[in-house]
Protein chains: 2
Amino acid sequence: MLNQLNILLAEDDENLGNLLQAFLKSKGLNVTLAKNGKKAFEQFVSGEFSFCILDVMMPEMDGFTLAKEIREIDKNIPILFLTAKAMKEDKLEGFAIGADDYLTKPFAMEELLARINAIMRRAVPNNSQENEMLKIGSISFEPHLRMLHLISGDKKLTTKENQLLKLLVKNENEILDRQATLRAIWGDDNYFNGRSMDVYIAKLRKMLKEDPAIEIMNVHGKGFKLIVKP
Amino acid sequence: MLNQLNILLAEDDENLGNLLQAFLKSKGLNVTLAKNGKKAFEQFVSGEFSFCILDVMMPEMDGFTLAKEIREIDKNIPILFLTAKAMKEDKLEGFAIGADDYLTKPFAMEELLARINAIMRRAVPNNSQENEMLKIGSISFEPHLRMLHLISGDKKLTTKENQLLKLLVKNENEILDRQATLRAIWGDDNYFNGRSMDVYIAKLRKMLKEDPAIEIMNVHGKGFKLIVKP
DNA sequence: TTATAGGCTTAACTTTTTTTAACATGAGTG
DNA sequence: CACTCATGTTAAAAAAAGTTAAGCCTATAA
């Protein structure tokens, strides 16, 4: 049941990180280890994960900040915090960000596994399989092949077109935050990257206008939202 | 959000039970307290509950046995265990039965609430689609598409126009508090945002004047009120 | 190496959306 | 009734986004 679940583990303590990774792998889970928040986010934007285990205290970017960035891009992915501090305020902050669970060190690895299981039982199945075929109205989209299947024929997407469209589709009907998207795809949300993103939005709109039910709507000052009218 | 959630709390310690019940009630949750496992089960079969908080050690019927009985009837209802023992084996047994969470006493009541929230977020089917079609007199309004259907034709609304109109419609015949609205839409209720809002009210009035029965009335010093005369 | 093509960014210009300003009106208060 | 403050209204200014094309890398072919 939990097979092929890709977990992102952000943990700066190498010993603990390796230990957890080995344990979870032995239980059939696929764990990618990132040594700090920044690296974890870079990994996350690849879009291959369906579960996050985040240490709260890490160099570069702490777990809470990382979780907020992740939540901007994926409102639904389960997040479990690990922390050395048992402080009530921290826990509440973690849950406020949208955590699913909050585990205080030291803990039994079996308990971690049990909690992952408990959360996954309720989590919406994230079909982020390797070879998924996404649907945008009457147009189909294969992110892994960077391919868009239009009525008029197939269209190969560039890296950026593909990344942006993937994020839009995965957040259909929700606002894709401008800043967070820039950081996720461009690495930095400066003015020029923003203009670059606007150019890509124009390109995608042009491609998708084949189906008039599809709209990439702008939410002024916030970001973009993909909508497919019924 | 968690309003009208009926919680079954099985707890033999009367002090703690009453305390928890009072706290959760103060947060808008409806809590039924049962003093042992047997009574809890009798309550449960009434079918009115959508969340269970079960103490593990209770007379008559312990929490694990109770949970199993409950699971026979409802495979899906969230279950959170409370226990005085922190023993690893017990926790694992709890999760094996299908618990969603397992909290060891003593705990902060706020943490309990946060955990209930975290679970409910996933347990409640996500009907956030809200493709609703609202009516303002003879004019119809689709906030999801930011579209106003006038007799003279369709009108696309801007982000701010849409947000403000949505709030007005959802509070039809009630005063939409000025400050609260500013904070909700503009994030801050300073003077300039207030003037900006007045400009938008003027714009909306202009659009809606097609139907003379519609009025956006000002309540001096308080806010605005949308009224549709019969 | 130089040429070329593809992909991305930057620039330039346009349009849309939002904010600010300026002036008018109206409501509440001493 | 005079004064103040909140709101009505319109227009100008500013900011954000839409669009198209030119420029600039970089990888690959000639």
Side-chain angles (χ1 to χ4, degrees), chain A residues 45 143 145-148 154-168 175-209 212 214-227, chain B residues 143 145-148 154-168 175-209 214-227:
Chain A
V45 296
L145 296 177
R146 302 200 330 211
M147 190 68 88
L148 211 52
D154 289 357
K155 174 110 182 68
K156 234 183 130 39
L157 300 178
T158 71
T159 310
K160 288 274 194 292
E161 289 165 353
N162 191 63
Q163 285 177 287
L164 186 52
L165 185 56
K166 189 157 100 183
L167 280 187
L168 282 166
I175 296 173
L176 190 58
D177 184 84
R178 195 179 167 88
Q179 323 260 66
T181 305
L182 283 168
R183 284 192 293 268
I185 299 182
W186 276 265
D188 184 8
D189 63 348
N190 65 39
Y191 172 80
F192 290 108
N193 287 339
R195 296 318 332 261
S196 198
M197 174 162 135
D198 290 331
V199 172
Y200 278 94
I201 290 288
K203 287 183 183 178
L204 291 177
R205 281 186 178 134
K206 205 171 275 179
M207 292 178 206
L208 298 174
K209 74 162 182 281
I214 303 173
E215 186 182 352
I216 299 177
M217 169 186 286
N218 172 255
V219 181
H220 197 98
K222 289 269 179 286
F224 295 95
K225 182 152 94 168
L226 177 69
I227 290 179
Chain B
L145 299 176
R146 298 196 334 206
M147 191 70 88
L148 211 53
D154 289 356
K155 173 109 181 71
K156 256 185 101 57
L157 300 178
T158 73
T159 309
K160 287 274 193 293
E161 289 165 355
N162 191 63
Q163 287 177 287
L164 186 53
L165 185 56
K166 188 157 103 184
L167 280 186
L168 283 166
I175 296 173
L176 191 59
D177 184 80
R178 194 179 168 88
Q179 322 262 63
T181 306
L182 282 168
R183 281 193 293 270
I185 299 182
W186 276 265
D188 184 8
D189 63 347
N190 65 39
Y191 171 79
F192 290 108
N193 287 338
R195 297 317 333 264
S196 198
M197 174 162 134
D198 291 330
V199 171
Y200 278 96
I201 289 289
K203 287 184 183 175
L204 290 177
R205 282 186 178 133
K206 206 171 275 179
M207 292 179 207
L208 298 174
K209 74 164 183 278
I214 303 172
E215 185 185 353
I216 297 177
M217 160 187 293
N218 172 256
V219 183
H220 196 95
K222 292 267 180 282
F224 295 96
K225 182 151 91 168
L226 177 69
I227 292 179

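Per chain, numbering begins at 1; letters A, B, ... match sequence-line order.
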Note, [X] side chain near [Y] side chain (heavy atom, < 4.5 Å):
X	Y	answer
Leu165(B)	Leu208(B)	yes
Leu157(B)	Met207(B)	yes
Arg178(A)	Asp198(A)	yes
Leu226(B)	Ile214(B)	yes

message: On the nucleotide dG8(D), are OP1 or OP2 found under 4.0 Å from the side-chain N or O atoms that Lys206(B) carries?
response: no
message: Looking at dG8(D), I'd like to know if its phosphate oxygens (OP1 or OP2) sit under 4.0 Å from a side-chain N or O belonging to Arg195(B).
response: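 For dG8(D), neither OP1 nor OP2 has a side-chain N or O of Arg195(B) closer than 4.0 Å.
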- prompt: Between which nucleotides of DNA chain C, read 5' to 3', does contact with chain A run, using atoms under 4.0 Å from its heavy atoms?
  reply: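 On DNA chain C, the outermost contacted nucleotides are dG7(C) to dT18(C).
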Between [atom2] on [N] and [atom1] on [X], what's the gap in Å once rounded to a whole number?
X	N	atom1	atom2	answer
Lys203(B)	dT7(D)	NZ	C1'	17 Å
Arg205(B)	dT10(D)	CZ	P	12 Å
Ile175(B)	dA6(D)	CD1	P	16 Å
Phe192(A)	dA22(D)	CZ	P	19 Å
Ile201(B)	dT7(D)	CD1	C1'	10 Å
Asp198(B)	dT9(D)	CG	P	10 Å
Asn193(A)	dA17(D)	CG	P	14 Å
Leu176(A)	dA17(D)	CG	P	13 Å

- prompt: Going by an N to O cut-off under 4.0 Å, is there a salt bridge joining Lys155(A) and Glu161(A)?
  reply: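 Judged by the 4.0 Å cut-off on N to carboxylate O distance, Lys155(A) and Glu161(A) do not form a salt bridge.
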- prompt: Which part of the nucleic acid, if any, lies within reach of Thr158(A) when heavy atoms closer than 4.0 Å are counted: base, sugar-phosphate only, or nothing?
  reply: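 Contact class for Thr158(A): sugar-phosphate only.
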task: Have a look at Tyr191(A) and say if it touches a base, only the backbone sugar-phosphate, or nothing, with a 4.0 Å heavy-atom cut-off.
output: nothing
message: Here's a test for you: under side chain to side chain donor-acceptor pair (under 3.5 Å), which of Asp189(A), Asp188(A), Asp177(A) qualifies with Arg183(A)?
response: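 Result: among Asp189(A), Asp188(A), Asp177(A), Asp189(A) is the only option passing the side chain to side chain donor-acceptor pair (under 3.5 Å) with Arg183(A).
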Over 12 foreign heavy atoms within 6.0 Å of NZ, Lys156(A): yes
